[in-house]
Amino acid sequence: MLHAMQTQQVCRWHILANPDALAQDATAHILQAGEQAIARAGAFHLVLAGGSTPRRIYRALTRSTADWSRWHVWFGDERCLPPADPERNSRMALDAWLDQVPIPPGQIHPIPAELGAVAAAQAYAETLAGRGDFDLVLLGLGEDGHTASLFPGQDWGTGAAAGDVLAVFDAPKPPPERVSLSARRLAAAREVIFLVSGTGKQPAVADWQAGAEIPAAAIAPASGVDILLDFPLPEN
Ligand code: 6PG
């Protein structure tokens with residue numbers, strides 16, 4: 001499958017000493033982005049990453065002070081599981097952070113993935129319709145170079161005509177059925193930060209740096225992307 005990359009991705013690599021340092025750096029950046037967005041536009045629209053890496057960050061946000069009444073929380077992807085399933089990305093974020101701070105419930109937008117991928121993608125696209133660019137998008141990186149639920153060999157939604165939300169089937173990372181914002185919609189953001197923890201991700205980072213066509217490399221916001229790592233860059 002060819003992925004018509006819209007714009008060349010600009011990467012800024014940041015090496016942190018360990019997972020705690022990565023979490024502290026990311027948390028400080030998220031809080032600062034929130035303050036700036038609220039000062040600029042009266043609201044902060046943040047897209048959360050799934051997987052396990054962000055948990056440490058979400059817990060740190062729980063211990064932080066912010067004008068939570070102005071925060072709007074979106075999800076970059078979701079697994080087609082019941083809402084209470086501990087493997088749901090929304091469940092992890094709610095348990096680690098969102099249930100502990102006073103963000104108005106109407107400003108937290110889980111993907112209704114329990115509806116099934118097609119119905120949930122349609123519903124989330126309707127929820128997103130007419131919304132502008134996100135202020136900050138958080139993303140993870142899989143060992144195969146996937147990000148959100150955009151996987152190698154599948155449609156990443158990179159073209160200008162790509163929809164906002166994709167139904168994903170046969171995902172190699174369980175569960176197979178998922179919902180994901182498209183590469184195009186994830187890049188429609190003022191800032192994009194990748195959170196990459198654990199040396200198991202080094203081969204994917206090496207591929208990324210070598211210019212491989214991996215899903216993470218398809219996220220190309222105008223402002224470039226910041227990639228936080230807690231291991232050294234591979235020797236090139
Ligand atoms: C998911 C995530 C996925 C994740 C990466 C990294 O639903 O699994 O959205 O893209 O961010 O696979 O996962 P870890 O942080 O657990 O390594």
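Below, all heavy atoms of this structure are taken into account, side chains as well, without hydrogens, waters or symmetry copies. One-based numbering, in listed order, for ligands and for the atoms of each. On a predicted model such as this, the values are computed, not experimentally measured, just so you know.
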If only side-chain N and O atoms count, and only distance matters, is there a donor-acceptor pair under 3.5 Å linking [Y] with [X]?
| X | Y | answer |
| --- | --- | --- |
| Trp74 | Gln107 | no |
| Glu191 | Ser223 | no |
| Asp77 | Ser180 | no |
| Asp25 | His14 | no |

Q) Does some non-hydrogen atom of Ala148 fall short of 4.0 Å from ligand 1? A)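 It does; at least one heavy atom falls under 4.0 Å.
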Q | Close approach of Arg178 to ligand 1, heavy atoms, under 4.0 angstrom | A |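 Yes; Arg178 lies near enough to ligand 1 that a heavy-atom distance drops under 4.0 Å.
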Q) Counting each atom of ligand 1 from 1 as listed, which ones have a heavy atom of Arg79 under 4.0 Å away? A)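 In order of number, 1 (C), 7 (O), 8 (O).
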**Q.** Proximal ligand 1 atoms for Ser52, defined as those under 4.0 Å from one of its heavy atoms
**A.**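 Every atom of ligand 1 under 4.0 Å from some heavy atom of Ser52: 14 (P), 15 (O), 16 (O).
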Q. With sequence neighbours excluded, what pairs up with Tyr58 under the ring-ring contact (aromatic ring centres under 6.0 Å, His included) test?
A.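 In terms of ring-ring contact (aromatic ring centres under 6.0 Å, His included), with neighbours along the sequence ignored, Tyr58 is linked to Trp97.
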Q) Can you name the residues that form a ring-ring contact (aromatic ring centres under 6.0 Å, His included) with His72, not counting sequence neighbours? A)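 By the ring-ring contact (aromatic ring centres under 6.0 Å, His included) rule, His72 matches His45.
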Q) Would you say Tyr124's side chain and His109's backbone share a donor-acceptor pair under 3.5 angstrom? A)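 Answer holds: yes.
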Taking [atom] as the reference point, the nearest protein heavy atom with its distance:
| atom | result |
| --- | --- |
| atom 11 (O) of ligand 1 | Gly50 O, 3.3 Å |
| atom 5 (C) of ligand 1 | His146 NE2, 3.4 Å |
| atom 17 (O) of ligand 1 | Lys201 NZ, 2.7 Å |
| atom 4 (C) of ligand 1 | Lys173 NZ, 3.8 Å |

**Q.** Heteroatom distance test (Thr147, ligand 1): nitrogen or oxygen, under 3.5 angstrom
**A.**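 No, since none of the N or O atoms of Thr147 sits under 3.5 Å from an N or O of ligand 1.
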Q) Would you call Arg88-Asp95 a salt bridge at under 4.0 Å N-O? A)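 No, Arg88 and Asp95 are not salt-bridged.
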Q: Record the part of Asp77 in heavy-atom contact with ligand 1 below 4.0 Å; permitted values are side chain, backbone, both and neither.
A: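 Contact part for Asp77 vs ligand 1: side chain (C-beta onward).
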Q: With heavy atoms only and a cut-off of under 4.0 Å, state how Leu141 meets ligand 1: side chain, backbone, both or neither.
A: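 Near ligand 1, Leu141 shows its backbone, while the atoms from C-beta on stay back.
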Q. Of the choices Leu150, Thr53, Leu195, which has the non-hydrogen atom that lies closest to atom 15 (O) of ligand 1?
A.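 Looking at heavy atoms only, Thr53 sits closest to atom 15 (O) of ligand 1.
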